[in-house]
Every structure is written in C-alpha cells, then in structure tokens.
Amino acid sequence: MKPTTPPKTYRVKSFGCQMNVYDGERMAELLAEKGITPAPEGEDADLVVLNTCHIREKAAEKVYSDIGRLVKAGKEAGREPMIAVAGCVAQAEGEEIMARAPAVSMVVGPQAYHRLPEMLDKAVAGERATDTDMPPIAKFDALPARRKIGPAAFLTVQEGCDKFCTYCVVPYTRGAEISRPFKDLVTEAQKLVEAGAREITLLGQNVSAWSGEDDKGRTTGLAGLIRVLARVDGLERIRYTTSHPADMDDDLIAAHGDTPKLMPYLHLPVQSGNDRVLKAMNRSHTAESYLRLLERFRAARPDLALSGDFIVGFPGETEAEFADTLSIVDAVGYAQAYSFKYSPRPGTPAASMDGQIARDVMDDRLQRLQSALNRDQLAFNQASVGKTCQVLVERKGKHEGQWLGKSPWLQSVWFEGDAAIGDLVEVELVESGPNSLAGVVKG
Ligand code: 5AD
Ligand code: SF4
C-alpha cells in the first residue's frame, strides 16, 4: 500500500446489535481525538469504518459488497477512502478480508479497537494492519472520555458469552464473558449524564451475568449495579439488555419491584417454545421454566413489558415443534419481539446438524410467527391507550412542534407541544398503531 495523506473526515457504519452501536460511538470518539471530524451528511468520508455483524446470513458477503461499492464510488470521485473493517466479521474472518480485499487497510476486532489510532498511523504510512487480539477489558481503559451524547445512551457493562448456544457465533467472535469493573461503570455513567444522558441502557451479550465488587468490596450482581446507578443524580431511567434466562437471579427480579428508575421492560430471549429444540440449541431452560421465570418478574412489576428473540427453522424443527413456539407466544403476550430464520454460522455445532430446514418452510414459519407477534404488539399498544406516563423526548418530529420519545415500556410516542430534547414530559396516550402511539401533554 502507498503512503497517503491523513484522513480529515470519517464515517462509522455500524450494523447489528446495540453493542456495535456503542462500539461505533467509541471508535468515533477515538477518531475525533485524532482531530478527524465526522463527514457531513451526503458527503464522502476520507476514512470509512465498517463496523460489522456476524450473527446471521451472508454477513461477510455484505462486507465485501460494501467495500466494492466504496472503492467504485471512490474511483469515480477520484479519491478512494481509507477503509477499516471492525466488529464481529473482522474478528471471525480478518485474515481472509486482508487477503481478499486489498482496498482494506485496517482490520480490527471488537476487543482491539482502542488500538485504532496506532493502526491509522500505520495505514497512513502505507502499512496494512490487523488486530484481532482479545485481551480482557484493556480496551475500556484506553478509550477517551465520552463526548456529547443524546438523552438515551448505551453503556457496555459486560462483553462476551459463555453459554455456547449451538447456533450462535458470539462466544467465538466476542470471546469469554468479562465484566467491566463497578467503579469504571459508575464513573462512565456519571460522565454520560454530564454529557446529556437521562436514560442509560446497560449492554452486554449476556448482561445479567455481570458481576463485580461494589465500593464496599462486596461481590454484587447486575441488580446491585443498577441500584447504585439509580442514585446518580440526573439519571432518570435505567434499562438493560440482553439477558439469558439462566442468569436472572432473585435480586434482579426484586430490583424490578423496588427500583423505580429501572424501567418496566424486559428483553428475555426464549428462541423456541419446544423443549427438544431448546435442548438441541443448548439453552439451559425449558418452555415451562421460562414461563415460571416471567411470572416471578410480573409479580415484582405487574406492568412489565416483555420482549424476546425467536429463531424459526432450527435444524430438525418439526411443524409440531414450531407450533410450541406459537403457543409460548400466545402464553406470554409479548409487547415487542425479534424473530429470525435460522442461519447456519460457520464453526457452530448447529451448522453441521442433520435436518437443515428448507428455505420455503422457514419463510412460512417466520411469517406465521411474525403475524402472531405483530398481533400481540398491537394489542399491547392498544391496552396502553388511556394511560398517563412520562415520555423521554429523543428528537423532533416531522412537523413543527411535534416531538418523538419513548414511554417507560419502550414504545415510541408522538406528541405536540412545548418541549425540548431530553425532557421527561407527562403525556396521556390517546391513540395507538402497531409501531407507535400518539400522546397529549397533561396539565
Ligand atoms: N440464526 C438465526 N438467528 C440467530 N440469532 C443468533 N444466532 C442466530 C443464527 N445463527 C438470534 C438469536 C439471538 C439474536 C441476537 O439473534 O435470536 O438472541
Ligand atoms: Fe449467543 Fe446464546 Fe450467548 Fe445469546 S446466550 S450470545 S444466543 S451463545
């Protein structure tokens, strides 16, 4: 590679989960520290970071086509951008990307992106660089302070996963479970609030496995962290995602009842409603134990909104087994959910299992599952009409005087009136659609 002039502008394109969004923000902060500024909307950037996701379908192909598109546009404009590939595809296929895509100058894994500035210096000198090391936690200490942030911010508290669900690449791309230290998290939460956050979502691939030592040296789980964060002045709302049913302890259930700042919303993936499929997935719960767990959460917080993840067409899934998934959906009544067709991930046990399901069968099951989930989401929204709640204003609406924010149950709510981004406004919910509600300001 030829030496090049240092980039002046950057764009970080994040795909996939909220942890990638968080990582993308932090990479942007690192670049900003080097004096590189975000490329204005609609303009080409000198440096493009593709922050990739490997969880489903053709992730790598998508990266190569994105790279191809960037190179072509750059050639047409007479100025090719510097390209960095980050995220889980970088971790899983870094060497291959370097070999196949000469336009890429940096490949950086999710545990190594704090080294982006050094890699950038090398790239400017004409040297391609790959870093997919997985050192525990070092990254966070090396990151710059948080910049200005929106009212609803993310905070990664835990990374990696030890669960090894048989379909999932996360334990391979993100590595073993690690928890960030308590003290660092409290400090970062305070910084986020100083930078404008009023709501913080604690993130982790398996967030409920977080554990640490509090300021008195006692070992504490996620609930202990939440209770301490609830005392941060100016922080009004706390959420967390994503959880595994096996790691939900009594204290976390209790926190939903005794910590008002912890919002009444729980994302708890079940994946399937059938016990044979759950076992083959290496999920350590059954349909019954999952439902019993939800009952305990609902007893602590009766208005809890539930969300989940589902996979249809796991190898060997029969029509009757899929029907059990529809039954658990009926039994829970989710406020919101994510559903996916099973996608074989290279290197995972399920990818080589017998009984891979035909695409049209998966399409049909996904459609039936989604219509049940959509029905329940609409029903949940309709049942909210008439309630008065606080809405955290996140942005302006399309029309003058219109605002968009989130209810405690994570519904999008529109309303008109006097407000500003970051306000918590008391609103009566008056009308519902499948994806949002309309509200009227009270008082
Ligand atoms: N195929 C389809 N969906 C998957 N997920 C994870 N791995 C796969 C896969 N191989 C889904 C799960 C998980 C969510 C983040 O993505 O539902 O909870
Ligand atoms: Fe993947 Fe299972 Fe870990 Fe979730 S709990 S990240 S699905 S291995």
Side-chain angles (χ1 to χ4, degrees), residues 14-23 52-60 62 87-89 91-92 110-111 134 156-179 201 203-210 222 240-248 266-274 277-285 289-290 293 306-317 322 325 328-329 332 334 336-353 355-357 359 361-363 365-366 369-370 373:
S14 288
F15 303 90
C17 66
Q18 289 155 326
M19 301 206 45
N20 258 15
V21 175
Y22 175 89
D23 291 345
T52 59
C53 169
H54 203 224
I55 200 124
R56 281 175 296 274
E57 286 302 345
K58 304 195 176 76
K62 194 168 158 12
C88 292
V89 178
Q91 188 67 41
Q111 306 299 2
M134 287 192 169
T156 293
V157 304
Q158 179 279 336
E159 283 196 281
C161 184
D162 297 342
K163 290 282 182 279
F164 289 92
C165 299
T166 54
Y167 50 80
C168 187
V169 283
V170 166
Y172 311 94
T173 55
R174 292 269 176 169
E177 280 174 7
I178 47 157
S179 296
T201 301
L203 297 179
Q205 262 92 30
N206 188 11
V207 70
S208 30
W210 182 86
L222 188 66
Y240 63 91
T241 197
T242 286
S243 305
H244 188 289
D247 293 311
M248 310 304 274
L266 175 64
H267 179 70
L268 192 62
V270 67
Q271 314 297 359
S272 164
N274 176 268
V277 174
L278 287 168
K279 194 147 192 264
M281 286 176 164
N282 193 32
R283 302 285 295 179
S284 53
H285 58 89
S289 70
Y290 177 84
L293 181 61
L306 292 165
S307 165
D309 289 349
F310 296 87
I311 296 176
V312 301
F314 185 80
E317 184 188 67
F322 170 67
T325 298
I328 205 163
V329 167
V332 173
Y334 288 94
Q336 197 263 341
Y338 303 91
S339 48
F340 312 102
K341 286 184 271 192
Y342 168 70
S343 159
R345 304 284 74 213
T348 59
S352 51
M353 283 181 188
Q356 301 284 327
I357 305 291
R359 193 137 284 272
V361 175
M362 283 210 240
D363 287 340
R365 289 183 188 165
L366 186 67
L369 174 60
Q370 290 186 338
L373 292 168

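Everything quoted here is computed from the prediction, not taken from an experiment. Every number for a ligand or one of its atoms is a count from 1 in the order of the listing. FYI, side chains are in, hydrogens and waters are out, and symmetry mates aren't considered; it's all heavy atoms of this structure.
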Go through ligand 1 atom by atom and flag the ones less than 4.0 Å from a non-hydrogen atom of Tyr342.
-> 1 (N), 2 (C)
Give a yes/no answer: is there an N/O/S atom of Cys168 under 2.8 Å from atom 1 (Fe) of ligand 2?
-> yes
Taking the minimum heavy-atom distance to atom 4 (C) of ligand 1, which of Thr348, Val170, Ile311, Asp309 ranks first?
-> Ile311
Of all the atoms in ligand 1, which lie at a distance below 4.0 Å from a heavy atom belonging to Arg56?
-> 1 (N), 2 (C), 3 (N), 4 (C), 5 (N), 11 (C), 14 (C), 16 (O)
Relative to each other, are the rings of His285 and Tyr290 parallel, tilted or perpendicular (30° and 60° limits)?
-> tilted
Phe340 heavy atoms, cut-off 4.0 Å: which ligand 1 atoms fall inside?
-> 3 (N), 11 (C), 14 (C), 16 (O), 17 (O)
Taking every heavy atom of Pro315 against every heavy atom of Ala350, the minimum-distance pair comes out as CG-O, 3.6 Å
Name the closest protein heavy atom to atom 2 (C) of ligand 1, giving the residue it belongs to and the distance to 0.1 Å.
-> Lys341 O, 3.3 Å
Could you find the nearest protein heavy atom to atom 6 (C) of ligand 1 and give me its residue, atom name and distance?
-> Ile55 CG1, 3.4 Å
Protein contact to atom 1 (N) of ligand 1 [nearest heavy atom, distance to 0.1 Å] = Ser343 N, 2.9 Å
Polar contact flag, side-chain donor to acceptor under 3.5 angstrom, Tyr167-Gln271 | yes
What protein heavy atom sits nearest atom 7 (N) of ligand 1, and how far off is it?
-> Tyr167 CD1, 3.3 Å
Out of Val207, Leu266, Leu268, Leu203, which one pairs with Thr241 under the side chain to side chain contact (heavy atoms under 4.5 Å, CB included) rule?
-> Leu203
Atom 17 (O) of ligand 1: closest protein heavy atom, distance to 0.1 Å, is Gln271 OE1, 2.7 Å
What do you reckon, does Arg283 put a non-hydrogen atom under 4.0 Å from ligand 2?
-> yes
N/O/S of Cys165 less than 2.8 Å from atom 3 (Fe) of ligand 2?
-> no
